[in-house]
Amino acid sequence: ITVHGRTIKERNCTPHFDFVKAIKDSVNIPVIHNGGVYSPDDIDPAIKKTGADGIMCAQGLLNNPALFSGFKENSTSMCPGLGKYSNFLWNDLCDIQTSFSFYVGVGFA
């Protein structure tokens, strides 16, 4: 089970690691923590705070698609010209989300 640890209104807030830990402690299946992972340095503290079996990452990967390759900065800086395409795709996704809904927009992406 993947647990985000915050509500949609808390999107840019620190996740409630204690909520994820409470769920992990109450089930006998693997729990994946999602939220608040923006660099490789965020992974171990999240695992330690939650006791989760793994990490799922969304926003951090949208900001840096090479996050799990060890790049701490946005990988588009290494490929001149790529940044304009990632910005275009991100803006397009935001437009779709606004036009339909958050969940439908993500489905289109």
- Item | side-chain hydrogen bond (donor to acceptor under 3.5 Å, both in side chains) partners for Lys24, two or more places apart | Asp53

- Message: Given Met56, which partner from the list Val37, Leu61, Ile32 fulfils the side chain to side chain contact (heavy atoms under 4.5 Å, CB included) test?
- Response: Ile32

- Message: Let me confirm one number: the NZ-CD1 distance from Lys48 to Ile43, rounded to the nearest 0.5 Å.
- Response: 12.5 Å

- Closest heavy-atom pair, Gly60 versus Tyr38, reported as atoms and distance to 0.1 Å, is CA-CD2, 3.8 Å

- Message: Please give me the minimum heavy-atom distance between Val20 and Gly5, naming the atom from each residue.
- Response: CG2-CA, 3.9 Å

- Answer yes or no: are there more than 12 heavy-atom neighbours, outside Ile29 itself, under 6.0 Å from its atom CD1? yes

- Salt bridge flag under 4.0 Å for residues Lys21 and Asp25: yes

- Query: Sequence neighbours excluded, which residues qualify as side-chain contact (heavy atoms from CB on, under 4.5 Å) partners of Thr7?
  - Reply: Lys9, Glu10

- Any donor-acceptor pair under 3.5 Å linking the side chain of His33 with the backbone of Ile55? no

- Short question: side chain of Arg6, backbone of His16 - any donor-acceptor pair under 3.5 Å? no

